[in-house]
Amino acid sequence: MIRILGRNRIMIRPTHFFLLLTFLFSFELRAQEFTRIFLDSAIQQTANNLIVSPDQSIWLGGTKVPVGESSPVAWFYRLKKDGSLHRRIPIPAPGAQTWSGMAQLSNGQIAIVIGQKNQTDTTENWLAIADTQSIIRFEHIPELDEAILEDVLKTRSGKLIVSGFRAGPGPQGNNFFVAKVNPANAGTEWIFEESYAFTERVANVMEARDGSFIFCGDIYTTGYNPMVVKLDSNGAVIWDKIIDTQWNDGPQTLVEDSSGRIWVVGESSTSAGSLFDNELTVLSSDGQILWQQWIGSPGQDAAFLIRKATGPGFWVGGYSNAGNGGAGPIGPFLMRLGTEGNSLGEKFWSLDGPSPMYDLSISGDSVFHFCGVSNSQAYLMRRENPDLQPVFTVSVGSKMVPTEKFEWKYDKGSESFLRSEQADSRMELADLQGRILKQSARGESRLSVASLPEGVYVGIEKREDGKINARIFRK
């Protein structure tokens, strides 16, 4: 009961006051969900990264093509917690630019890495440091010239790990590229740059619990396959693993669980459906494949991000058209993944046109921010406690048991050889141009490589059941 006392005074009984507060609080929670679209004097704009600060303000950045221009430039916004614009923060450098990534430093400032073409058409990489008002430092990192960077990670010690690829000399194509940068002075502490095959690209780097760095990327020989490499704290290789499949596959991100296992997500042209699907691979801490899983629908499904949940398991984000029965444009999706790699349910959203998701921020397993591009416009979404429903299916080839992938044995010493653990296999050795250099007799699963000069080679295993696998290795 509410009684009016005079012109401006209202008396509310305590029980009704509590109900009113509950209603207002619930309304406020629902009101905090939003979808924001940005097309700021541009013909195309993409949101590549987002950061939600402790005060709930949001940093958003990416690349756009301004109206009347043909070359892209980087853009950077600070938003209010409801997603509305608080401030545009201009990037000071002129000319063509690409957004590489950003990370929040311990002092609350934002470190941004921007690629930029100079007057001689060299790709330079610059470090921008921003406070809440503007870019306060903008410094060239010369050691990173000609690298195309796609990911930025802040380490526990406050340094930056940047990654992507850099073109190698001659016909060898692109090389894996990872560098450690000190944001205090834009100095480069170490660089890992390596070529295993025709072309490589680092998609994502994580810092492991032991202080090492593990990255996933794709490698191309006769098709695209995921590759995972573990580096020590100084950028030296500890182990590497190519994830061989018969399909074209692309890894996107990876995460380490509490037992040290490495979970890698991406997309694959195999299927639970008819087009491509989410691919999940789990490796042991020493780089051995434990199992693989393909999860999807009769449409287009691609996992771009995996994050550890506050509770058991993980959250996976990407894009899919499974919410429309596998037809129509793709839109962002969210999937809860159990500790055994099974989907516990998904949520799909539809926007105006194809709408991939490129970044995801999660708070308390209940609040989700994600961004990307929709119909040539940048978007930012905030959702709370989405209702998850089982839509995805598991492909017939997926088994939650150790896979039958080949384990290559390459022993250094006076008698070096490749050996398959499949006794019925025939072994071949090729160079990176596909020329067969050596082969074993049928049924002989061991092939000596002792006479080969140092270099990079492709080992090929051909089994009696018709399966063929290949592995790049360095002698």
Side-chain angles (χ1 to χ4, degrees), residues 22-23 25-37 47 49-52 56 58 60 79-84 252-253 255 263 265 267 272-273 277-278 280 293 295-375 377-394:
T22 301
F23 169 77
F25 180 70
S26 299
F27 177 80
E28 175 64 18
L29 284 180
R30 288 193 295 271
Q32 286 176 355
E33 290 195 350
F34 59 76
T35 300
R36 300 290 184 183
I37 301 295
N49 292 119
L50 70 93
I51 294 173
V52 180
Q56 297 303 300
I58 303 166
L60 192 68
L79 308 176
K80 301 174 184 178
K81 67 179 182 179
D82 65 356
S84 60
Q252 298 294 345
T253 53
V255 70
W263 296 59
V265 298
E267 76 279 354
D277 295 293
N278 307 299
L280 168 66
Q293 179 86 297
I295 304 172
S297 69
Q300 304 177 58
D301 315 299
F304 260 61
L305 305 140
I306 182 168
R307 305 282 191 258
K308 286 192 289 187
T310 303
F314 307 88
W315 291 100
V316 175
Y319 59 80
S320 172
N321 60 3
N324 300 318
I330 58 170
F333 81 85
L334 189 67
M335 173 172 63
R336 183 65 183 262
L337 198 65
T339 56
E340 298 303 318
N342 296 307
S343 175
L344 305 180
E346 310 91 37
K347 178 66 177 179
F348 304 88
W349 291 273
S350 296
L351 297 175
D352 183 18
S355 307
M357 176 197 298
Y358 291 144
D359 204 359
L360 170 66
S361 175
I362 304 169
S363 175
D365 288 342
S366 60
V367 179
F368 304 86
H369 292 81
F370 40 95
C371 68
V373 60
S374 176
N375 201 25
Q377 303 171 98
Y379 75 83
L380 171 68
M381 296 177 66
R382 185 186 195 272
R383 294 293 185 269
E384 294 188 0
N385 298 308
D387 180 26
L388 304 180
Q389 299 292 331
V391 174
F392 284 151
T393 59
V394 176

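- Here F392 and F348 bring their ring centres to under 6.0 angstrom of each other.
- Distance check: H369 NE2 to Q56 CD gives 6.5 Å after rounding to the nearest 0.5 Å.
- The side-chain heavy atoms of P386 and L334, taken from C-beta on, include a pair separated by under 4.5 Å.
- Panel note: side chain Q377, backbone I37; no donor-acceptor pair is recorded below 3.5 Å.
- R307 and D359 are joined by a salt bridge, as a carboxylate oxygen and a charged side-chain nitrogen come within less than 4.0 angstrom of each other.
- Within the 4.5 Å cutoff, the side chain of F304 has no heavy atoms near those of the P356 side chain.
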Next item on the list: For T253 and V265, run side-chain contact (heavy atoms from CB on, under 4.5 Å): C-alpha distance rounded to whole Å, both residues' side-chain angles, the deciding distance at 0.1 Å, then the answer.
Entry: CA-CA 6 Å; T253 53; V265 298; 3.4 Å; yes

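- When all heavy atoms of P329 and N321 are compared, the pair lying nearest together is O-CB, 3.6 Å.
- For the atom pair OG (S84) and CD1 (I58), the distance works out to 9.0 Å, reported to the nearest 0.5 Å.
- Between the side chain of S361 and the main chain of I51, no donor-acceptor pair closer than 3.5 Å is present.
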Next item on the list: Output, in order, the C-alpha distance, side-chain angles, deciding distance and verdict of side-chain contact (heavy atoms from CB on, under 4.5 Å) for M381 and L351.
Entry: CA-CA 11 Å; M381 296 177 66; L351 297 175; 4.1 Å; yes

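- Remark: Q300 CD to D277 CG distance equals 10.5 Å, nearest 0.5 Å.
- Checked options L344, L280, N278; the residue passing with L337 is L280 (criterion: side chain to side chain contact (heavy atoms under 4.5 Å, CB included)).
- Contact of the N342 side chain with the Q293 side chain is registered, since non-hydrogen atoms from C-beta on lie closer than 4.5 Å.
- In terms of heavy-atom proximity, L380 sits nearest to G83 at CD2-CA, 4.5 Å.
- One N or O on the side chain of R36 and one on the backbone of D82 form a donor-acceptor pair closer than 3.5 Å.
- Distance check: C371 SG to L50 CG gives 4.5 Å after rounding to the nearest 0.5 Å.
- Contact between S355 and G353 at its shortest, heavy atoms only, is OG-O, 2.7 Å.
- Nearest heavy atoms, A303 versus Q252: O-CG, 3.4 Å.
- Across P332 and M357, no two heavy atoms sit closer than the pair CB-CE, 3.8 Å.
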Next item on the list: Dump the intermediate steps for side-chain contact (heavy atoms from CB on, under 4.5 Å) on W315 and R336, then the final yes or no.
Entry: CA-CA 5 Å; W315 291 100; R336 183 65 183 262; 3.3 Å; yes

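- Residue R383 holds its CZ atom at 5.5 Å from CD of E33, rounded to the nearest 0.5 Å.
- The only option from Y319, Y379, F333, F370 that meets the ring pair (Phe, Tyr, Trp, His ring centres under 6.0 Å) definition with W349 turns out to be F370.
- Distance check, rounded to the nearest 0.5 Å: CG of N49 to CG of L360 gives 12.0 Å.
- Across all their heavy atoms, E267 and A302 have their closest contact at CB-CB, 3.7 Å.
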